[in-house]
Protein chains: 2
Amino acid sequence: MEEIRDTVSHDQEAPARRVRLSDLATALGLTKSTVSRALNDYADISPDTRDRVRKMAAQMGYAPMPSAQAVRTGRVRALGLVLELDAPDRYGPFLADFLGGITQAASVEGWTLTIASSTSRADMEATITRLLQEHKVDGFILPRTRVQDPRAIFLQSKRVPFVLFGRVGYGQRDAGLSWYDVDGSGAMRDGVARLVRLGHKRIGFVGPCEAFNFAMLRRDGYREGLALAQIAHDPALEIMGVSDRAEGAVAARALLDLPEPPTAIVYATDATALGAYDVARERGLTIGRDLSLIAYDGIPEGRMIEPPLTTFAVDSRHAGERLAALLIAQLRGTPAEELTELVAAQLQPGGSDGPPRMT
Amino acid sequence: MEEIRDTVSHDQEAPARRVRLSDLATALGLTKSTVSRALNDYADISPDTRDRVRKMAAQMGYAPMPSAQAVRTGRVRALGLVLELDAPDRYGPFLADFLGGITQAASVEGWTLTIASSTSRADMEATITRLLQEHKVDGFILPRTRVQDPRAIFLQSKRVPFVLFGRVGYGQRDAGLSWYDVDGSGAMRDGVARLVRLGHKRIGFVGPCEAFNFAMLRRDGYREGLALAQIAHDPALEIMGVSDRAEGAVAARALLDLPEPPTAIVYATDATALGAYDVARERGLTIGRDLSLIAYDGIPEGRMIEPPLTTFAVDSRHAGERLAALLIAQLRGTPAEELTELVAAQLQPGGSDGPPRMT
DNA sequence: TAAAGTACCGAAACCGATTTCGTAAAGGCA
DNA sequence: TGCCTTTACGAAATCGGTTTCGGTACTTTA
C-alpha cells in the first residue's frame, strides 16, 4: 500500500471541485440560461457567443452532469441490456466482444451502457420495468431475438425504444421495429453452394430449436441453396432442435446411419458441429474427406480443432457497435423502421470441407 | 408486427404517469419534506407516520427517481466496470456468469451496473474519468488485478471507492484496500498434495506471466505443496510466462524432454493445460496414466475433453455477487480494509490425474 | 406556573441543469 | 420619426427529489 501511494504521479488534489454550468456562466459574464442554450445549439444565440461559450467550456473542462439533465429532460443517455442467465448456451465467448462493441460505440456519442440480468421470463419483465421506472435507461438492446419475442412485445406496449439483435417474427412483417442481423440465411445458402461446387449432392442440415428465428432463417437458407443447385430437398436430411455438441453428435449419427447418408452436413452453429467431429472419431472417418462440414458462428474452438472448421463467422464486436448506433439514432428521433441493418457473415475457410469421397 | 400488437395483453395505457414524491405527499396530506425524511429513516419522524408513508408508497408503487436524488446527494447507486478489450485472454466464457452475479446482487440492493470498455491503458484512465465526472457511477469493480495495478493506483489518487477481484501487490501489504479473491495458492498446494498422494514425486508447474498476481500466488502454492511433501523444488520443473494453449503445449514438450521428466504437471490455468493434451496425442501418451494433469479455472472445454481435466473451479457467479456486495458496503460507509474475502476453489475431479506409471 | 426541552412536522432553500417567457436593443419599412 | 419585427439575452420557473431551518404543541424540570 505504501508503495502504491508513493508511486502516485497523478493529480493529488482529492476534491477537485467540478465545474458547473453556473461557474461557466460567471466566468463568461453570462447567465446559466444563455450558456445552456449556447451549448445546446439554440437558434436564439448568436454565433459569436456560441463559439465563445464552447471554447470556454472546453477550456474549463466543463461536462454537464447527466443526472441533473435527466431530471429536466427525462433522458439519461444510457442504453440498457438485460442478460438472460437462463438462456441455453449462455452467449459463449462472444459476450466480451459484443459488450465491447456496444460500449465503444456508445462512448463516442457520450452514452453509457447499463446492464441487468434476469433468471426467468417473469424476472425479465420485472427487471426491465425496474430499469425503466427508475429512469436508469432510455432504451434497450435485445440480443437473441425469438419468434414473437416477449421482450419486444412488452417494450412495445410500454412504448419504450429498443433495437433487436436478430429479426423478429419469422415470416411476419416486422414493420416499425429496428433491428440488426447477420444474414444467416445467406450464409447457409452460400455454404450449400460451396459444397455443391466441391461435388456434393447429398447435403444434410442440422439446426437448433424452431423457437429461434435464426434457426428458421438458416434452415430456409439451406433449402434455398439446394433449390438453386436444383437438388431435391429430402426431409430426412434435415434435423432440427439440436442445441449443443452432444446433440450435434446424435444428429450426425442419425444422418450417417441413413440408407443413403449425406456426404456433407451444414450445421447451423459451430458448437453443434463439433459433435460431428466426435462421431467421426468414433467411426474412423476423416473430416474434410469422408465427411464435409460447414457451420456458422466462428467460435474459437472451431479454429483449434483438427481440421479447423470451415465456418461463417459473425463479428460480434461490429454487431455491438451497430446496435448501439441504431438505438441511439432511434432515441434521437429517427423512426425505428428506418433503422434496420443486415450484414453478411464472413466465410472462414478451414479444412472441414472438401470434395466427397468416391465410394 | 400486427400479430405482435394484437397479442399484447399488458397494460395498454402508454403514458402511465409515474408517481412522484409530491403525489405521495398530497395523497397522505403531508409535505414532500416529511415524506422524504420518512422514507429515509430520519429520526425526527414519528414511527406512526413513517409506517403510514411506507405503506402508501408501496401501495401507490412509488419509486424515487435516482437521477433526481443524485442531483442533491451526488450518488447514483450505480457500480462501474471497465472491460479491457486488449486483455490477453478476453475473460473467456466466465464473463456472463460474472456479470450475472454482479447484477443480481446489485439489483436486490437497488443498485445497477454500468459498464464501459477500454482498448488501452491510457484509454482506461480516460474511460474511468469520464464515468466519474459524468457522475455515472459511484464506485468500481476491477477484475484481473495486476501487480501494482494502475487502475487501483489511479482510483486511489482520486479517492474513488473500488473493490478488486484478486489481491493487489504480490508480497506487499494491501492495507486499506477491499478485495475478493479465490485462493489459487491453496488450490495449487492441494493439487500438489493430491498428486503426491497418488504417488508422484516429480511434479512440474506451468504458470502465466509474472506480471499477474495470481500467477505468483499459484506458483507459491505449488512450491508450498512441494515443501509440505518434503520434495525438493527443482527450478527446471517450473515454467512461467505461459498464457495460451499453444504455449502450454510448448511448455509440456520442454518438461517432457527433460533428462528426468515429471510424471505430473500442475497448470495454473485450464486453457494452457489443454496444450498438454495436444502433446500427449503427438507422443502417444495417455493423460491420466502416462502423464497426470491438474489445473485451475473450470472452463467448460475441460469437461468435454477426454479424459476430463481435473481442475479447481472458480465460481464466477459467486465472485460477482460478493464483489458487488463488498463495493456497496464500502459505498455505504464500511471501511475498505474490513471488506476482504478469500474463498477456496472447488476441486472438480476428472480423469486427468492418476498414479504414475512405473517405467 | 414559568422556563426549558423534546418530538414532530411544514416552509423554503437547494442540487445542476433545461426551458419558457419577457424584454431591451438593433434593424426594417413607411 | 414612428412603429413593427427580429435578434439576443436575462429572469424565473421547472424537473424530482434532499436537507436545513424554524416553529408549534406537548412534556419535563425547577
Side-chain angles (χ1 to χ4, degrees), chain A residues 15-54 56-57 60-78 110 132-136 138 331-333, chain B residues 15-54 56-57 60-78 110 132-136 138 332:
Chain A
R17 190 96 190 83
R18 59 174 295 136
V19 337
R20 295 156 304 185
L21 187 65
S22 57
D23 298 331
L24 237 185
T26 58
L28 284 161
L30 295 172
T31 59
K32 292 194 309 174
S33 67
T34 304
V35 175
S36 173
R37 290 190 316 244
L39 292 174
N40 290 313
D41 272 327
Y42 273 61
D44 63 349
I45 300 293
S46 79
D48 285 354
T49 51
R50 176 164 53 70
D51 295 345
R52 203 161 60 90
V53 169
R54 286 270 167 76
M56 180 63 90
M60 297 180 63
Y62 168 75
M65 190 169 110
S67 311
Q69 297 179 309
V71 174
R72 194 73 232 256
T73 64
R75 309 275 293 280
V76 287
R77 289 217 312 266
L132 242 32
Q133 94 158 2
E134 289 196 347
H135 260 272
K136 289 275 191 174
D138 298 316
L331 288 167
R332 284 183 175 153
Chain B
R17 192 96 190 83
R18 59 174 294 135
V19 325
R20 295 155 304 183
L21 188 65
S22 56
D23 297 330
L24 237 185
T26 57
L28 285 161
L30 296 171
T31 60
K32 289 196 313 175
S33 66
T34 304
V35 174
S36 173
R37 290 192 316 245
L39 292 174
N40 291 313
D41 272 325
Y42 273 59
D44 64 348
I45 299 293
S46 77
D48 285 354
T49 50
R50 177 164 51 70
D51 295 343
R52 204 160 61 90
V53 170
R54 287 270 168 74
M56 181 63 91
M60 296 180 63
Y62 169 74
M65 191 170 108
S67 311
Q69 307 186 90
V71 175
R72 193 75 229 257
T73 65
R75 308 274 294 280
V76 287
R77 290 217 309 266
L132 243 32
Q133 94 157 3
E134 289 197 345
H135 260 273
K136 289 276 193 173
D138 299 314
R332 284 184 175 154

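These values consider heavy atoms only, across backbone and side chains, with no hydrogens, waters or symmetry-generated copies. Small disclaimer: the values here were computed from a predicted structure and weren't measured. A, B, ... follow the sequence lines: proteins, then strands. Residue 1 opens every chain.
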Query raised in the report: In residues 27-38 of chain A, which ones come under 4.0 Å of DNA chain D, going by heavy atoms?
Result: A:Gly29, A:Leu30, A:Thr31, A:Ser33, A:Thr34, A:Arg37

**Report entry** Whole angstrom value for the distance that separates P of D:dA12 from CZ of A:Arg72
**Finding:** 17 Å

Query raised in the report: Is the backbone N or O of B:Asp44 less than 3.5 Å from a side-chain atom of B:Arg37, with the two atoms forming a donor-acceptor pair by type?
Result: no

**Report entry** Nearest non-hydrogen partners of B:Lys136 and B:Ala78, listed with the distance
**Finding:** O-CB, 3.4 Å

Report task. Evaluate the side-chain proximity of B:Leu30 to B:Val53: yes if any heavy-atom separation is below 4.5 Å, no if none is. Result -> yes

Report summary line: Distance col, row B:Glu134:CD vs A:Ser67:OG, nearest 0.5 angstrom, shows 9.5 Å

Requested in this report: Sort and list the pairs that fulfil salt bridge (charged side-chain N to carboxylate O under 4.0 Å, His left out) and have at least one residue in residues 66-76 of chain B, not counting sequence neighbours.
Outcome: none

Requested in this report: Keeping the roles fixed (side chain from A:Arg50, backbone from A:Tyr42), state whether a donor-acceptor pair exists under 3.5 Å.
Outcome: no

Requested in this report: Assign each of A:Ala43 and B:Ala68 to its nearest nucleotide of DNA chain D by heavy atoms, then name whichever residue's nucleotide is nearer the 5' end.
Outcome: A:Ala43

Query raised in the report: Atom NE2 of A:His135 and atom C1' of D:dG17: how far apart are they, to the nearest Å?
Result: 13 Å

Query raised in the report: With a non-hydrogen cut-off below 4.0 angstrom, is B:Ser22 in contact with a base, only sugar-phosphate, or nothing?
Result: nothing

Report task. Decide salt bridge (Lys or Arg N to Asp or Glu O under 4.0 Å) for B:Asp138 and B:Arg332; before the verdict, give the C-alpha distance in whole Å, the side-chain angles of both, and the deciding distance to 0.1 Å. Result -> CA-CA 11 Å; B:Asp138 299 314; B:Arg332 284 184 175 154; over 6 Å; no

**Report entry** Closest-nucleotide 5' rank along DNA chain C - winner of B:Pro47 and A:Tyr42
**Finding:** B:Pro47

Report task. Go through D:dT18, D:dG16, C:dT18 for me and flag the one nearest to the B:Thr73 side chain. Result -> D:dT18

**Report entry** N/O donor-acceptor pair under 3.5 Å between A:Ser36 side chain and A:Lys32 backbone
**Finding:** no

Query raised in the report: What does A:Ser67 touch in the nucleic acid at a heavy-atom separation under 4.0 angstrom: a base, only the sugar-phosphate, or nothing?
Result: nothing

Query raised in the report: Tell me: CD1 of A:Ile45 to P of C:dT19, nearest whole Å?
Result: 13 Å

Close N or O pairs between protein and nucleotides 22-28 of chain D (under 3.5 Å):
none

Report summary line: By side-chain contact (heavy atoms from CB on, under 4.5 Å), A:Asp48 pairs with (sequence neighbours left out) A:Ser46

**Report entry** Nearest-neighbour nucleotide for the B:Val71 side chain, D:dT19, C:dG16, D:dC9 considered
**Finding:** C:dG16

Query raised in the report: So, is A:Gln69 close to the C:dT18 phosphate, meaning a side-chain N or O under 4.0 Å from OP1 or OP2?
Result: yes

Query raised in the report: What integer distance in Å separates B:Met65:CE from D:dC15:C1'?
Result: 7 Å

Query - Contact summary for B:Tyr62 and B:Leu21, nearest pair of heavy atoms - result: CE1-N, 3.5 Å

Query - Separation of atom CG in A:Leu21 from atom P in D:dG10, rounded to whole Å - result: 12 Å

Requested in this report: Write down the distance between CZ (B:Arg77) and P (D:dG17), rounded to a whole number of angstrom.
Outcome: 11 Å

Query raised in the report: Taking side chain as C-beta onward, heavy atoms only, is A:Met56 less than 4.5 Å from A:Val35?
Result: no

Requested in this report: Report yes if a side-chain nitrogen or oxygen of A:Arg20 is closer than 4.0 Å to either non-bridging phosphate oxygen (OP1 or OP2) of C:dG16; otherwise report no.
Outcome: yes

Query raised in the report: Ion pair present between A:Arg20 and A:Asp23, side-chain N to carboxylate O less than 4.0 angstrom?
Result: yes

Query - Protein-nucleotide distance (A:Gln133, atom CD; D:dG16, atom P), rounded to Å - result: 14 Å

Requested in this report: Report the end-to-end axis angle of the helix from C:dT1-D:dA30 to C:dA30-D:dT1; each axis comes from five terminal pairs, and the value is rounded to 10°.
Outcome: 50°

Report summary line: Tightest non-hydrogen contact, residues A:Met60 and A:Leu24, listed as SD-CD2, 4.0 Å

Requested in this report: Show your reasoning for whether side chain to side chain contact (heavy atoms under 4.5 Å, CB included) applies to A:Leu28 and A:Thr34.
Outcome: CA-CA 10 Å; A:Leu28 284 161; A:Thr34 304; over 6 Å; no

Distances under 3.5 Å between protein N/O atoms and the N/O atoms of nucleotides 5-7 of chain D, please, pair by pair.
none

Requested in this report: To the nearest Å, give me how far apart CG (A:Asn40) and P (C:dT18) are.
Outcome: 5 Å

Report task. Kindly give the heavy-atom pair with the smallest separation between A:Ala68 and B:Val71, and that separation in Å. Result -> CA-CG2, 3.5 Å

**Report entry** A:Tyr62 side chain near C:dA17 phosphate (N/O to OP1/OP2, under 4.0 Å)
**Finding:** yes

